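The next block holds one structure in the form of structure tokens; read it before the comments.
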Amino acid sequence: MPSITKMIFGNGPLGPSFAPFIRARPGLQKYWARWSNFYKNAAGYRQKGYLYDDLIVEETPQVQLALKRLSAKQRYDRVFRMRRGLTQSMAHKNLPKEQWIKPEEDVRYLTPLIEQVVAEEAERAEWDYMTVEKIQQKRAEKRNIFSKREGTH
């Protein structure tokens with residue numbers, strides 16, 4: 001089980017999250033599902049026309065790379081939602097009720113791509129480390145050429 005510090009401060013590009021801790025416990029997950037739905041409705045992003053993934057901060061390299069992987073239609077829809085939401089926020093108004101994003105429409109379109117980018121970076125780092133390890137091993141073998149061999153004095 002990860003430490004509390006790891007859960008709060010080190011969960012990747014999406015920021016701090018207790019989600020892995022809560023998902024690992026079914027009873028706790030059932031309890032927090034009610035509060036999660038309440039929070040999503042109270043946050044008001046659906047009333048402005050945003051999806052959840054539209055609110056992810058774009059300033060990390062992982063998110064930037066994930067945004068580049070979106071299809072042209074997804075990119076266009078995202079820009080449309082951002083412009084419409086900004087217009088509604090500046091006017092201090094919500095969209096008409098029939099235009100609100102319904103919970104079943106609020107799907108994660110960017111989060112899977114971000115997780116894919118993070119997994120690729122971790123794999124790349126693992127392979128890079130393995131290469132360095134092999135180079136260091138070869139260098140160590142070259143240094144040990146003139147060392148004492150077993151059986152000779």
Side-chain angles (χ1 to χ4, degrees), residues 1-140:
M1 183 172 127
S3 68
I4 297 294
T5 308
K6 171 74 174 153
M7 287 189 327
I8 294 174
F9 298 114
N11 284 320
L14 300 178
S17 174
F18 281 109
F21 179 78
I22 292 171
R23 284 188 194 123
R25 292 154 180 80
L28 195 57
Q29 185 176 3
K30 201 180 297 183
Y31 172 77
W32 279 105
R34 284 182 262 146
W35 286 105
S36 171
N37 292 332
F38 171 76
Y39 174 76
K40 288 176 188 173
N41 292 328
Y45 66 88
R46 291 179 180 159
Q47 288 86 347
K48 303 282 188 212
Y50 292 115
L51 295 178
Y52 179 81
D53 281 357
D54 294 335
L55 306 176
I56 294 174
V57 179
E58 301 176 7
E59 294 161 357
T60 63
Q62 295 90 356
V63 176
Q64 288 291 323
L65 189 57
L67 285 171
K68 290 178 185 175
R69 293 182 181 186
L70 289 174
S71 69
K73 183 181 180 342
Q74 287 176 322
R75 273 186 264 143
Y76 176 81
D77 291 345
R78 178 182 172 86
V79 170
F80 174 77
R81 287 190 303 271
M82 297 295 248
R83 288 182 179 174
R84 182 175 61 175
L86 281 171
T87 304
Q88 296 300 317
S89 293
M90 289 188 325
H92 298 285
K93 294 181 180 178
N94 289 335
L95 290 170
K97 188 138 181 129
E98 59 273 359
Q99 292 182 6
W100 289 6
I101 303 293
K102 295 166 186 61
E104 56 273 2
E105 294 172 356
D106 191 6
V107 295
R108 305 290 187 263
Y109 68 94
L110 189 59
T111 304
L113 293 174
I114 295 171
E115 291 170 352
Q116 182 184 22
V117 168
V118 169
E120 287 172 4
E121 286 181 353
E123 184 179 2
R124 188 176 297 115
E126 185 178 325
W127 281 104
D128 287 348
Y129 177 73
M130 290 176 67
T131 303
V132 170
E133 201 173 70
K134 287 181 181 179
I135 291 170
Q136 288 175 347
Q137 185 179 12
K138 287 180 182 177
R139 286 182 183 162

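Please read these numbers as outputs of a predicted model, since none were measured by experiment.
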*Take Glu58 and Arg78 through the salt bridge (charged side-chain N to carboxylate O under 4.0 Å, His left out) test and state the conclusion after the steps.*
CA-CA 12 Å; Glu58 301 176 7; Arg78 178 182 172 86; 2.6 Å; yes

*asked:* Checking Leu110 against Leu51 for the side-chain contact (heavy atoms from CB on, under 4.5 Å) test, could you report, in this order, the C-alpha distance in whole Å, the side-chain angles of both residues, the deciding distance, and whether it holds?
replied: CA-CA 10 Å; Leu110 189 59; Leu51 295 178; over 6 Å; no

*asked:* Does the structure place the NZ or CZ of Arg25 under 6.0 Å from the centre of the six-membered ring of Phe21, at an angle of no more than 45° from the ring's axis?
replied: yes

_So, taking the atom named NZ in Lys48 and the one named CG in Asp54, what distance separates them when rounded to the nearest 0.5 Å?_
14.5 Å

*Pairwise distance CD(Gln29) to CZ(Arg23) - rounded to 0.5 angstrom*: 7.5 Å

*Kindly indicate whether the side chain of Ile114, heavy atoms from C-beta on, has any atom under 4.5 Å from the side chain of Asp53.*
no

*Glu59 atom CD, neighbour heavy-atom count above 12 within 6.0 Å*: no

*asked:* Once rounded to the nearest 0.5 Å, what's the spacing between atom CZ of Arg81 and atom CG of Leu55?
replied: 10.0 Å

*asked:* Which heavy atom of Leu95 sits nearest to which heavy atom of Gln99, and what is that distance?
replied: CD2-OE1, 3.5 Å

*Should Gln116 and Leu113 count as side-chain neighbours, where that means a heavy-atom distance under 4.5 Å?*
yes

_Beyond-backbone contact of Pro26 with Lys30, side-chain heavy atoms, under 4.5 angstrom_ = no

*Using the ring of each side chain (for Trp, its six-membered ring), is Tyr76 parallel, tilted or perpendicular to Phe80, with breaks at 30° and 60°?*
parallel

*Could you go step by step and tell me if Arg69 and Glu120 meet the salt bridge (charged side-chain N to carboxylate O under 4.0 Å, His left out) rule?*
CA-CA 13 Å; Arg69 293 182 181 186; Glu120 287 172 4; 2.7 Å; yes

_Please check if the number of heavy atoms outside Arg75 that lie under 6.0 Å from its CZ is greater than 12._
yes

*Determine yes or no for a side-chain-to-main-chain donor-acceptor pair under 3.5 angstrom, with Gln74 supplying the side chain and Ser71 the backbone.*
yes

_Shortest non-hydrogen separation from Arg84 to Ile101 and the atoms involved_ = NH2-CD1, 4.4 Å

*Looking only at side chains, do Tyr45 and Asp106 share a donor and an acceptor under 3.5 Å apart?*
yes

*Atom of Arg46, atom of Asn41 and distance for their closest heavy-atom approach*: NH1-OD1, 3.5 Å

